[in-house]
Amino acid sequence: MDVSPNEGTLASVLVACGRLGVVRTGKAVHGWHLKREREMRLIVWNAVLGMYAKCEKLDLARRVFDGLLARDIVSWTVMLSGLVNCRRPSEALELFNEMQTSGVKPDKVVLSTVLSACASLGALESGRWVHEYIERKGIEWDVHVGTSLVDMYAKCGYLESSLSVFHKMPVKNVSSWNALINGFALHGHGREALEYFDRMVASGLRPNEVTFIIVLGACCHTGLVQEGLLLFESMKNVYNLSPWEEHYGCMVDLLGRAGLIQEAYGLIKVMPMTPDVFTWGALLSACQAHGRVDFSQQILRHVHELESSGSGVYVLLSNVFAVSDRWTDVKRVRGLLSEKGLRKEPGSSVIEVNGKTSEFIVGQKSHQDMDEICTMISILMKQIHLEGL
Ligand SMILES: *[C@@H]1O[C@H](CO)[C@@H](O)[C@H](O)[C@H]1NC(C)=O
């Protein structure tokens, strides 16, 4: 450029860096500008923030954010949605608490972002607070806000609240229906999920790929094999959608759980993409559940093909063999695992009780009420056995 760039230029360049995810160039623009102008205007700072957030460099974004002398609604929005997108919802909620004392009033975008943080944490109290805030301030219910509320209540397990918000929404789109149907599916109400799927179609909306991931998942967890097969067919033939890897994965899982191992394996063989770790994992779990070690061994022969797919397959395979006392095979698979330096990401789950969030990580027993929790789990397990479930 042969003229000197102004704030607009810099903001545009930073947006480009963010979209491309080139944090080095973004940093260079940031630094270049710092050297030239002592006082950057907020529009450029917000663009710097946005660039770091898009590049998923949240700690850099946070440093910039904390250093700002003044913050407007854009700064807060960028920082909050960055945290939510990078799966750091509890930090997002903390930041939202700070925002409330900052004098900047949250708008619809901020509230939707906060609701999705609540949804992923199961933070019902904060979610309810946002709901009341929306009512109190008379904030208009657009599709976005309404859907976020439906999703929040659904994921927190409050299906009735979810439904009542859903019915109050003046305008709904496919995403709103998906959030509701997903709520039923997540909490084991497969039939209701399918019922609302039918209602959605009857209302004239066309289901999208995400809808099918949700309803196929619902079939899978409720053991609705025929319904699942019909839906999978209709996805291709009626709605003209090409199944993604996730849809094949769901179907493999569905067939496998029903003991139709051969059919599940057949589907893996015809799928147009390379099956990922979850798809193989579903098949292997099915082999394990139905005692088909012969099949697992057949899959082991393909192991070299799976190398790129991560550690989950190896762990599962070794579990399959461990169950059937084939310890030499276990050692072989575990050996493969450590040779490749693969490590399994620990699973975790989060819940809010009385306004306090607790995170549980697989294998960690650091929660202060661990003894009580374990006692309660064993009582529940006994009851489940008594009920013959
Ligand atoms: C539904 O509406 C919201 C808000 O306008 C939008 O973000 C979303 O993409 C829409 N969903 C679909 C499937 O069109």
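Along the sequence shown, residues are numbered consecutively beginning with 1. Every number for a ligand or one of its atoms is a count from 1 in the order of the listing. Note that the structure is a prediction, hence the values are computed from the model and not measured.
For ligand 1, the atoms closer than 4.0 angstrom to any heavy atom of Asn173 are 1 (C), 2 (O), 3 (C), 8 (C), 10 (C), 11 (N), 12 (C), 14 (O). In the vicinity of Val143, heavy-atom distances shorter than 4.0 Å reach the ligand 1 atoms 1 (C), 2 (O).
With Arg63 contributing its side chain and Asp59 its backbone, the two residues share no donor-acceptor pair below 3.5 Å.
The six-membered or imidazole ring of Tyr248 lies near that of Phe232, with a centre-to-centre distance under 6.0 Å. In summary, the aromatic rings of Phe197 and Trp177 are positioned with their centroids too far apart to meet the 6.0 Å limit.
A cation-pi arrangement is not found for Arg206 relative to Tyr239, the charged atom failing to lie both closer than 6.0 Å to the ring centre and inside a 45° cone about the ring normal.
If you check which protein heavy atom lies closest to atom 11 (N) of ligand 1, you get Ser175 OG, 2.7 Å. The protein heavy-atom contact nearest to atom 7 (O) of ligand 1 is His144 ND1, 3.9 Å.
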